[in-house]
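Everything on this sheet refers to the single structure shown next.
Since the model is a prediction, treat every value here as computed from it, not as a measurement. For the single chain, residues carry numbers from 1 onward in sequence order. Below, each value reflects all heavy atoms present in this structure, side chains not excepted, and no hydrogens, waters or symmetry copies.
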Amino acid sequence: MSFSFTDPKPDHDRSFSFTEPADVKEQLQAIADMAHEILRLVAEVSRQINS
């Protein structure tokens with residue numbers, strides 16, 4: 001299994017990847033953490049747009 005996520009902005013040092021078989025529970029937790037971060041960023045952008 002291979003998965004990667006990298007923030008396209010050069011000023012951010014956020015990246016995520018897993019390429020080796022890992023525990024499914026760990027992978028699901030990592031995906032859930034990424035989803036929470038995405039939702040947080042969407043909410044932040046929404047607040048900026050509505051300001």
Side-chain angles (χ1 to χ4, degrees):
M1 175 180 236
S2 177
F3 180 86
S4 65
F5 170 82
T6 303
D7 191 331
K9 297 179 183 176
D11 60 336
H12 287 80
D13 188 26
R14 294 181 187 162
S15 64
F16 172 82
S17 67
F18 56 81
T19 54
E20 297 180 20
D23 183 70
V24 173
K25 188 173 182 179
E26 290 175 12
Q27 291 176 349
L28 291 174
Q29 184 59 54
I31 292 167
D33 292 345
M34 287 178 11
H36 285 118
E37 177 67 5
I38 290 167
L39 291 173
R40 185 189 69 76
L41 292 170
V42 168
E44 182 180 322
V45 169
S46 179
R47 279 193 302 273
Q48 291 176 2
I49 290 171
N50 292 327
S51 293

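D23 and Q27 share no donor-acceptor pair across their side chains, judged by distance under 3.5 Å alone.
Checking side-chain atoms of S46 against main-chain N and O of V42 turns up no donor-acceptor pair under 3.5 Å.
Within the model, atoms CG of D33 and CD1 of I38 stand 11.0 Å from one another, a figure rounded to the nearest 0.5 Å. Taking CG of L39 as the start and CD of E37 as the end, the distance is 9.5 Å to the nearest 0.5 Å.
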